[in-house]
Each structure stands twice: as C-alpha cells, then as structure tokens.
Amino acid sequence: MDLAAMDRATALEAQRRMLRIRRFDERASKMVKRGQIPGTVHTSIGQEAQVVGATMALGDDDYMTGNHRSHGHPIGKGSPLGPLMAELVGKGTGVCGGKGGSLHLADFNVGSLGESGIVGSSIPIATGAALSSKVLGNGRVSLAFFGDGAANQGCLYEAMNIAGVWDLPVVFLCENNQYALSTPAHTVTSGVIAERAAGFGIPGVRVEEGQDFLAVFEAVSAAVERARRGEGPSLVEVVTYRFNEHSEGLRLGVDYRDAAEKASWLEKDPIVLFRKRLVVDGVATDDELDALEREVDTEVEDAFEFSQTSPFPDASVAFADLYTEPFGPTHLSRDGVQSAEQAHAEIGV
C-alpha cells in the first residue's frame, strides 16, 4: 500500500498507537520486575505493526477479541491507557474493575470483548459476536486474534466452518510470531496456516511483511470490507516476531531462539520502520515525530500514576458480576418467568 493513499491524520494516529503499545508494555515489564504487578505479563513489543494495522482496519463499532498477549489489542482499538494500566495492578478503576488483570482485559466502549490465557478461547466469542451482527443487521464486523500455537486448536476450525456455512462477518487473524512459548511453529504446524482457509471455502492470505503497518492494514482492510459486504469470513496470517521473552521474568534455562535470527528481526522494528517512512514520504518531520513520542511518554506516565493512586476494589463487590440477568429484572426458569431475586435465592446467591 502506498502511504500517499492514507491521509496524514490516520498515518500519524497509527504511529501514535504503535508507540502507546510499546511504551505501555515497556512500563508493564518494569512493573513486573519491581513487584508492582502480581504474576507476569505477556508483551507485544515487536508486534505493534500487526496489532495496529489490524485494529485500525476496523470501524469504531466493530468487535474484537484478543488472546493472552493482549495489552496491545485494546490500545490499538483506541482504549484509554489509564483504566488498562489500573487493571494490571488490580485496581477498582480498571477496565474490569480490577478482577481481570493482564490476561483478561476488556473494554466494551471500543468493541474489545475480552481476552483469555486459554489458547484459542476467544475465537468462538468473536464468531458469536459476528453471528449477532448478522442477526441484528447492524453491519458490524468481528475480528479474532490468535497466535500460531492456537492455529492447531480445534475451536478455530469449528469456528471457521460455521462462519463459512453462515457467511458470518468475521476475520480470523493469526499472529504468527513463530513460537508458541518456546516451541518453533515449523516443528508442530504442517504447511502454511493461511492455506488452511481453502478447506472451508473462505479466502486466506499470508502477510509476510508483518512488521509493515501498511501491509497489514491493507490486507485486513480488504477482509473487513468483504465481511461488511456480507461475503463472509476470511483468514489472515501475519508473520511477525516478539522481541521479548514469552512472558516477563520467564527463565527457561535454554536459548531456544537463534541469536542471528533474533538480531535480524530486531532490525525490523515496526515503529522505527514506519517513522522512517513517514519522514521519507514527507508526512511528518523528525521534530514532529519526536514531539509525538514525548506526548505518548506523558500519556503512559499519567496512566501509571493513575494506576498507583487508584483504590483497590471494595470487598462489597467481590461477588458482583458472577451471574448475569440476560432478560433484565426477570429471566426464564424451568417453571417460567421469575424475578432476578428469586433466581438468586434459588441458586444460593
């Protein structure tokens, strides 16, 4: 894709969102090492182009589901940084009220339906959201992120099959960073992931230059527009690379990645590459891009302060949100309609 085909504001917003992901994850990594986040986090450092290229191809009202490496997905979709950072440290001001943490971010305000540490688990959720879009006729598209490790999960093929049968408006996006934890993808995955789409009669495309925002944006935009026209699902495989370890603080005792391979990928930093493109094509000057970086640094610092000064959830909400009331104040039981209070009493809540 030619950068000239994209307006200046969109191009700069892409760089801003990639920087937000990078700085957010760098801060999160430091917080884990300083004991400010319980457990660990999985960063998207190095994968920003495919995250932002995919999410910016969506409309504001479109749906998205992530995976375990998912701080970047809601950021790419436009979620504010403060509530995301607060969620990492379990604060009540977090996007999930402090109950989700790093692996379970969701922000319905931007169409981010959630993510999970269970490999492949968000794929059926995105497919269900696409079904709701078709039933309601609201024109929304759903995007499901998953990694190369999840590419061999049965739920992906079940989802692609039913999405193909019903022509659901969903895009299945494989973030192929070439390692499922420490397992090289080529040792457990036969053939090309994108080519598996043919078995379900849907388009499949492989983006080799996954560090190029424009290449990802172009491929996913085509899949999104196809879905929006009512032509059904697509599978997009993006080849990318995570610069950090699988999770922060993970010590395996073995170096499973070749040093030359890693060095080669580090030279393909998506943020550096797109910045150079912006300058060479006359979209922005170095001074303007330096100012943009300072703005993002301030945003992340403000988000960190927000997370530190926010209160923890009150004990009174510990059991809130465990059950839903899908039909409002009443819902159906075996004997017909009963009140929510009756239903809660029946199950001991």
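Keep in mind the model is a prediction, meaning the values are calculated, not measured.
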Quiz item: If you draw a 6.0 Å radius around CG in Asp258, do more than 12 non-hydrogen atoms from other residues or ligands fall strictly inside?
Solution: yes

Self-check item: Over 12 foreign heavy atoms within 6.0 Å of CD, Glu209
Solution: no

Quiz prompt | Minimum heavy-atom distance between Ser142 and Ala126, given as atom pair plus value | solution = OG-O, 2.7 Å

Quiz item: If every non-hydrogen atom of Gly72 is compared with every non-hydrogen atom of Ser44, which pair is closest and at what distance?
Solution: N-OG, 4.3 Å

Quiz item: Any side-chain heavy-atom pair from Ile193 and Thr189 closer than 4.5 angstrom?
Solution: yes

Quiz item: Are Val224 and Phe217 in one and the same hydrophobic cluster, where Ile, Leu, Val, Met, Phe, Trp and Tyr link if side-chain heavy atoms are under 4.5 Å apart?
Solution: no

Quiz item: Will you find, in the side chains of Gln211 and Asp269, an N or O donor that is under 3.5 Å from an N or O acceptor?
Solution: no

Quiz prompt | Flag side-chain contact, heavy atom, 4.5 Å: Arg229 against Pro169 | solution = no

Practice problem: Measure from NZ or CZ of Lys262 to the centre of the six-membered ring of Phe243 and say whether it is under 6.0 Å with the direction within 45° of the ring axis. | Solution: no

Quiz item: Under a 4.5 Å cut-off applied to non-hydrogen side-chain atoms, are Ile21 and Val52 in contact?
Solution: yes

Quiz item: When clusters are formed by joining ILVMFWY residues with side-chain heavy atoms under 4.5 Å apart, either directly or through shared neighbours, do Met56 and Phe172 land in the same one?
Solution: no

Quiz item: For the atom pair CG (Leu103) and OG1 (Thr40), what is the distance rounded to the nearest 0.5 Å?
Solution: 8.5 Å

Practice problem: Examine the side chains of Glu248 and Ser29 and answer whether a donor and an acceptor come within less than 3.5 Å of each other. | Solution: yes

Quiz item: Are any of the side-chain nitrogens in Asp62 or Lys77 under 4.0 Å away from the carboxylate oxygens of its partner?
Solution: no

Quiz item: Rounded to the nearest 0.5 Å, how far does CE of Met85 lie from OG of Ser102?
Solution: 11.0 Å

Practice problem: Give the minimum heavy-atom separation between Ser132 and Ala129, together with the two atoms involved. | Solution: OG-O, 2.6 Å

Quiz item: Where does the angle between the aromatic ring planes of His246 and His68 fall among parallel (under 30°), tilted (30 to 60°) and perpendicular (over 60°)?
Solution: tilted

Quiz item: Counting only heavy atoms not in Leu266, do more than 12 fall under 6.0 Å of its CG?
Solution: yes

Self-check item: Check ion pair Glu13-Arg20 (N to O, under 4.0 angstrom)
Solution: yes

Quiz prompt | SB check Arg69 Glu115 (cutoff 4.0 Å) | solution = no

Exercise. Mind listing the closest non-hydrogen atom pair of Ala86 and Thr93 along with its distance?
Key: CB-OG1, 3.4 Å

Quiz item: Which atoms form the tightest heavy-atom contact between Leu168 and Ala130, and what is the distance?
Solution: CB-CB, 4.1 Å

Quiz item: Less than 4.0 Å between a side-chain N and a carboxylate O, is that true for Glu48 and Arg23?
Solution: no

Quiz item: Can you tell me how far the CG atom of Leu58 sits from the OG atom of Ser112, to the nearest 0.5 Å?
Solution: 11.0 Å

Quiz item: With a 4.0 Å cut-off, would you call Glu237 and Arg196 a salt bridge?
Solution: no

Exercise. Using the six-membered ring wherever Trp is involved, compare the ring planes of Trp265 and Tyr241 and label them parallel, tilted or perpendicular (cut-offs 30° and 60°).
Key: parallel

Exercise. Determine the minimum heavy-atom distance between Glu261 and Arg257, stating which atoms define it.
Key: OE2-CB, 4.2 Å

Exercise. State, yes or no, whether a side-chain contact exists between Leu19 and Asp297 at a heavy-atom distance under 4.5 Å.
Key: no

Self-check item: Ser316 versus Asp314, side-chain donor and acceptor atoms under 3.5 Å
Solution: yes

Exercise. Determine whether Val207 and Val239 make a side-chain contact, defined as any pair of heavy atoms from C-beta on separated by less than 4.5 Å.
Key: no

Quiz item: So, do Arg206 and Asn176 sit near enough that their side-chain heavy atoms are less than 4.5 Å apart?
Solution: yes

Exercise. Specify whether Phe200 and Tyr157 have parallel, tilted or perpendicular ring planes, treating 30° as the upper limit for parallel and 60° as the lower limit for perpendicular.
Key: parallel

Quiz item: Going hydrophobic residue to hydrophobic residue with side-chain gaps under 4.5 angstrom, can you get from Val32 over to Phe24?
Solution: yes

Quiz prompt | Salt bridge flag under 4.0 Å for residues Glu288 and Arg8 | solution = yes

Practice problem: State, yes or no, whether a side-chain contact exists between Leu143 and Leu173 at a heavy-atom distance under 4.5 Å. | Solution: yes

Quiz item: Any side-chain donor-acceptor pair under 3.5 Å between Asn67 and Glu175?
Solution: yes

Quiz prompt | Modelled atom types, side-chain donor and acceptor of Asn109 and Ser79, under 3.5 Å | solution = no

Self-check item: salt_bridge(Arg275, Asp290) N-O dist < 4.0 Å
Solution: yes

Self-check item: Nearest-0.5 Å distance that lies between atom CG in Leu292 and atom CG in Asp287
Solution: 12.5 Å

Practice problem: Drop me the distance from Gln50's CD to Phe213's CZ, to the nearest 0.5 angstrom. | Solution: 12.0 Å

Quiz item: What distance separates Leu12 CG from Asp7 CG, expressed to the nearest 0.5 Å?
Solution: 9.0 Å

Practice problem: Answer yes or no: is there an ion pair linking Glu245 with Arg242, defined by an N-O contact shorter than 4.0 Å? | Solution: yes

Self-check item: Leu156 with Phe145, same ILVMFWY side-chain cluster at under 4.5 Å
Solution: no

Self-check item: Validation row: Pro80, Glu299 side chains within 4.5 angstrom (heavy atoms)
Solution: no

Self-check item: Heavy atoms of other groups near Tyr256 OH, more than 12 under 6.0 Å
Solution: yes

